[in-house]
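Atom set for the values below is all heavy atoms of this structure, side chains included, hydrogens, waters and symmetry mates excluded. It should be emphasised that the depicted structure is a prediction, and the values quoted were computed from it without experimental measurement.
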Amino acid sequence: MINLSSLAGEVKLLIGMSCRDWEIRVDSYRQGGFFDPVADQVRGILKRTFPEIASPHARSMWTSGAISKLKQERSPQQNVAEQSVEPELPKTRI
């Protein structure tokens, strides 16, 4: 935890032990989030691999509607195969 103080008040910054999350506390106000030290590199690799659906914006991964469009373009065989896979239950004798 990091405490920042001035004449205007005090702010507490809490960083999780795994360095994946953070939270800022000022009086009754709280805000937090998550971060990943390699997120920008992974985002860059994915955008270069799939430039046709990559967003031009730094903070967005894909263009608007790209994932929905990809789901709609799936072949009927993929949709049927995904739906028909059910786990086999063990047979019990009564």
Notebook entry, point to check: What heavy-atom pair brings Thr49 and Ile45 nearest, and what distance separates the two atoms?
Noted result: OG1-O, 2.7 Å

Next item on the list: List the atom of Lys47, the atom of Met61, and the distance in Å for their closest heavy-atom pair.
Entry: CE-O, 3.5 Å

Check: Mind checking what makes side-chain hydrogen bond (donor to acceptor under 3.5 Å, both in side chains) contact with Gln41, not counting sequence neighbours?
Finding: none

Note to self: Using side-chain heavy atoms (C-beta onward) and a distance below 4.5 Å, is Val11 in contact with Arg25?
What the structure shows: no

Check: If every non-hydrogen atom of Ala54 is compared with every non-hydrogen atom of Trp62, which pair is closest and at what distance?
Finding: CA-CE3, 3.9 Å

Check: Is any NZ, NE, NH1 or NH2 atom of the basic residue among Glu73 and Lys71 found under 4.0 Å from an Asp or Glu carboxylate oxygen of the other?
Finding: no

Check: What distance do Arg30 atom CZ and Lys12 atom NZ have between them, rounded to the nearest 0.5 Å?
Finding: 9.5 Å

Notebook entry, point to check: Sequence neighbours excluded, which residues qualify as side-chain hydrogen bond (donor to acceptor under 3.5 Å, both in side chains) partners of Glu10?
Noted result: none

Notebook entry, point to check: How long is the gap from CZ on Phe50 to CG on Leu70, to the nearest 0.5 Å?
Noted result: 9.0 Å

Margin query: Please give me the minimum heavy-atom distance between Ile53 and Ala66, naming the atom from each residue.
Written below: CB-CB, 4.0 Å

Check: Would a 4.5 Å heavy-atom cut-off, applied to side chains only, mark Glu23 and Gln31 as touching?
Finding: no

